[in-house]
Amino acid sequence: MDCFFVSCERIREPKLIGNPVIVGMGYVPGLSRGAVATASYEARAMGVKSAMTISKSISLISDKDIDPSSEKSGYYRPVDIQFYKEISGSFRSLLDEFSDTTRHIGIDESYLDVTKETNWESVLNFSQNIKETIEKTIGLPSSIGVSSSMCVSKIASAINKPSALVIVKPQNTKKFLQNLPIERLPGIGPVTSKSLHSMGINTIGELSKTPISELKYRYGSKGLDLANMANGNDRKKVFSMGPRKSISRESSLAKITINYDEKKEIIEKLSLDLGSRLAYSNTLFRTVSIKLIEPPYKIHTRTISVPNATNDVDVLKSSAIYLLNEFQETPARKLGVRISNLSLQDVNQTKLENWDV
DNA sequence: TCTGGGGTCCTAGGACCC
DNA sequence: TCTGGGGTCCTAGGACCC
């Protein structure tokens, strides 16, 4: 989806269409707080970028709801993740009608296996049809990339945003990737990118010429993935999502605190929050983790596993608090609780226990 | 540059088992 | 008392993604 959060706001508030729009996390209407989650393309053209502070953004584009007379003005809205999730759901089910094999990633991105289309002409029609249907029935603008691999399709979908349709035929893959910066490859973040630049590798073409042995030596299994992607040999298949591996809750503190009771209270609240999600599913957990971010940004994690899978909220809560004990004196800016090692409750559990007896 | 919330995968070391 | 080879599970941290 193109600037998904903004597009969602435009669905329920059409006056935002065509105007600069900024959706901010931690933003409170009327205050210059928080950071930019998503900016419309009109706002981006005026210099607003993701993750920029709202106050910086307001210095570029003032808030039209506050100052309607201003020449350079746009609309600011807080993130309403529940609403976006609803829209995401309808867009996913729409895509599921187009292909048996879909993989939905995050809130606004999906892969479709369209191998059954037999030629590129039909792929083009198919893709245009999807794009128009999403636009007409849900009101969402989107960009689509088509190729013979997930990796190249992803890059292609992003290369001409917004509202783009890019098809890369197999014989053109090398040429397409050749001069793109390595940052376009999924899996290359700030750390890997810096490391590759230090080796003099700046484009995907240059990466593809680097000996695989060297990439493997420096980056382990990831090095092999990089080599494959750079050569357009990404063999990952589109498959539906497996079961969820972990569930977590975290929250940034209004103020950095060192006080143990305050930290404990937050950990308890997050645990209960997680627990309430378990109550209505038949999910069991075996492992509990906490996360504590110490200023300026040092991440600590502690983990403990219990012998038997459970959905007992008290076990969750007391485990989390037990783990917190090690950080009695540590200042925290953010705290989180996570459960993992998930399994589904076995309906025959009781029977089995009886057998054990 | 500063740092929201929810995830996944990988690595490396340690404990433990046969 | 010293310690092979092969394996599993657990934990802490890091990198990355939307």
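All chains are named by letter (A, B, ...) in the order of the sequence lines, taking the proteins before the strands, and each is independently numbered beginning at 1.
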>> Between A:Arg333 and A:Ile247, which residue's closest nucleotide on DNA chain B lies nearer the 5′ terminus?
In response: A:Arg333
>> Applying a 4.0 Å non-hydrogen cut-off, can you work out what A:Ile293 is touching in the nucleic acid: base, sugar-phosphate, or nothing?
In response: nothing
> 5'-most contact on DNA chain B: A:Lys222 or A:Lys85, nearest heavy atom basis?
Replying inline: A:Lys85
> Among A:Ser149, A:Ser208, A:Pro186, which residue meets the side-chain contact (heavy atoms from CB on, under 4.5 Å) test with A:Met229?
Replying inline: A:Pro186
> Ion pair present between A:Asp67 and A:Lys72, side-chain N to carboxylate O less than 4.0 angstrom?
Replying inline: no
>> For chain A and DNA chain B, what are the first and last nucleotides along the strand, 5' to 3', with at least one atom under 4.0 angstrom from a heavy atom of the protein chain?
In response: B:dT3 to B:dT11
>> Tell me whether A:Gln171 at atom CD has more than 12 heavy atoms from other residues, nucleotides or ligands lying less than 6.0 Å away.
In response: yes
>> Going by side-chain hydrogen bond (donor to acceptor under 3.5 Å, both in side chains), name the pairs with one or both residues in residues 311-322 of chain A, residues two or more places apart or in two chains.
In response: none
> Does A:Arg286 or A:Ile299 map to a spot on DNA chain C nearer the 5' end, using the closest nucleotide for each?
Replying inline: A:Arg286
>> Base, sugar-phosphate or nothing for A:Arg277? Non-hydrogen atoms, less than 4.0 Å.
In response: sugar-phosphate
> Within 45° of the ring axis of A:Phe83 and under 6.0 Å from its six-membered ring centre, is that where the NZ or CZ of A:Arg12 lies?
Replying inline: yes
>> Students often get this wrong, so: under 4.0 angstrom with heavy atoms, is A:Gly187 touching a base, only sugar-phosphate, or nothing?
In response: sugar-phosphate
>> Taking A:Asp80's backbone N and O only, do any of them form a donor-acceptor pair with A:Tyr84's side chain (distance below 3.5 Å, no angle check)?
In response: yes
>> Regarding A:Ile81, tell me which of base, sugar-phosphate or nothing describes its non-hydrogen contacts under 4.0 Å with the strands shown.
In response: nothing
> Just checking A:Pro296: base, sugar-phosphate only, or nothing, at a heavy-atom cut-off of under 4.0 Å?
Replying inline: nothing
> Reckon A:Arg302 touches a base, only the sugar-phosphate, or nothing at all at heavy-atom distances under 4.0 Å?
Replying inline: sugar-phosphate
>> What's the gap between B:dT3 and C:dC18 when it is taken at their P atoms, as a whole Å value?
In response: 22 Å
>> Categorize A:Thr53 for me: base, sugar-phosphate, or nothing, with a 4.0 angstrom heavy-atom threshold over every strand shown.
In response: nothing
> Do any N or O atoms from the side chain of A:Ser88 and from the backbone of A:Ile107 form a donor-acceptor pair under 3.5 angstrom?
Replying inline: yes
> CD1/A:Ile22 to NZ/A:Lys64 distance, rounded to the nearest 0.5 angstrom?
Replying inline: 11.5 Å
>> Using a 4.0 Å heavy-atom cut-off, does A:Ser289 contact any base of the nucleic acid, only the sugar-phosphate backbone, or nothing at all?
In response: nothing
> Reading DNA chain B 5' to 3', what string of ( ), [ ], | and . shows its pairs, if Watson-Crick and G-U wobble pairs count only when both distances fall under 3.5 Å?
Replying inline: ....||||||||||||||
> So, do A:Met46 and A:Leu60 sit near enough that their side-chain heavy atoms are less than 4.5 Å apart?
Replying inline: no
